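Written out below as structure tokens is the structure these notes cover.
Numbers here are sequence positions counted from 1. On a predicted model such as this, the values are computed, not experimentally measured, just so you know.
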Amino acid sequence: VQLQASGGGLVQAGGSLRLSCAANRRIISFNVVGWYRQAPGKQRELVADISRGAYYNYADSVKGRFTISRDIAKNTVYLQMNSLEPEDSGVYYCNAGQGYLKYWGQGTQVTVSS
């Protein structure tokens, strides 16, 4: 399984970015697909995910600002990030889970300047 993440970059606080995660297999075959992030010196944390049955899950810190979505035909999951804050900075990783297996993308850097 390959997950190709893209869309990161440098943005000012209050700005927006959209991340994309393209899979080389049908995303509907996974139990859940989502995004994690890791800031320097901190543990990797869940940002948002979406289950096969379209149940959406968000970290409290991003609710109301971030939106996860998917395009099943394109095997791609998106993370629309609005009202970005410096605390949102970090490397964002795409993740796909199937049973006890977890697959990770290579990560994309998001930097929010104050």
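- Within the model, atoms NZ of K74 and CD1 of I27 stand 11.5 Å from one another, a figure rounded to the nearest 0.5 Å.
- Judged as a side chain to side chain contact (heavy atoms under 4.5 Å, CB included), and not counting sequence neighbours, the contacts of A59 are S61, V62.
- R44 forms no cation-pi arrangement with Y36, by the criterion of a distance under 6.0 Å to the ring centre and an angle within 45° of the ring axis.
- Looking at V77 and W35, their side chains come closer than 4.5 Å, going by heavy atoms from C-beta outward.
- Hydrophobic clustering (side-chain heavy atoms under 4.5 Å, transitive across Ile, Leu, Val, Met, Phe, Trp, Tyr) keeps I72 apart from V32.
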For this session: Applying side chain to side chain contact (heavy atoms under 4.5 Å, CB included), run through S16 and Q80 and close with a yes or a no.
Result: CA-CA 7 Å; S16 299; Q80 178 66 44; 3.9 Å; yes
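- Taking the side chain as every heavy atom from C-beta outward, N57 and L46 approach each other to under 4.5 Å.
- By the criterion of side-chain heavy atoms lying less than 4.5 angstrom apart, applied directly or through intervening Ile, Leu, Val, Met, Phe, Trp or Tyr residues, Y103 is grouped together with I50 in one hydrophobic cluster.
- One side chain, Y92 or R37, offers a donor N or O that lies under 3.5 Å from an acceptor on the other.
- Considering all non-hydrogen atoms of both residues, A96 and L3 come closest at N-CD1, 3.8 Å.
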Exercise. Can Q106 and Q4 be said to form a side chain to side chain contact (heavy atoms under 4.5 Å, CB included), step by step?
Worked result: CA-CA 7 Å; Q106 85 284 7; Q4 184 69 40; 3.2 Å; yes
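- Under the rule for a side chain to side chain contact (heavy atoms under 4.5 Å, CB included), the partners of V112 that lie at least two apart in sequence or sit in another chain are V11, A13, L84, P86, D88, S89, V110.
- With contacts defined as side-chain heavy-atom distances shorter than 4.5 Å, the pair T67/Y58 qualifies.
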For this session: Verify side chain to side chain contact (heavy atoms under 4.5 Å, CB included) between V1 and F30, making sure each step is shown before the conclusion.
Result: CA-CA 11 Å; V1 175; F30 300 111; 3.8 Å; yes
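- Counting heavy atoms from C-beta outward, Q98 and R25 have side chains that approach closer than 4.5 Å.
- Shortest non-hydrogen contact noted between Q2 and N24 is N-OD1, 2.9 Å.
- Under a hydrophobic-cluster definition in which Ile, Leu, Val, Met, Phe, Trp and Tyr are linked whenever side-chain heavy atoms come within less than 4.5 Å, directly or via other members, V33 and I68 are assigned to the same cluster.
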Exercise. Could you walk me through whether D71 and Y78 pass the side chain to side chain contact (heavy atoms under 4.5 Å, CB included) check?
Worked result: CA-CA 8 Å; D71 187 328; Y78 304 97; 3.9 Å; yes
For this session: List the steps, then state whether side chain to side chain donor-acceptor pair (under 3.5 Å) holds for N75 with R26.
Result: CA-CA 6 Å; N75 294 321; R26 297 172 67 229; 5.7 Å; no
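- Rounded to the nearest 0.5 angstrom, N95 CG and K102 NZ are separated by 4.5 Å.
- The side-chain heavy atoms of L79 and V47, taken from C-beta on, include a pair separated by under 4.5 Å.
- Using a 4.5 Å cut-off between side-chain heavy atoms of Ile, Leu, Val, Met, Phe, Trp and Tyr, with links allowed through other members, Y55 and I28 fall into different hydrophobic clusters.
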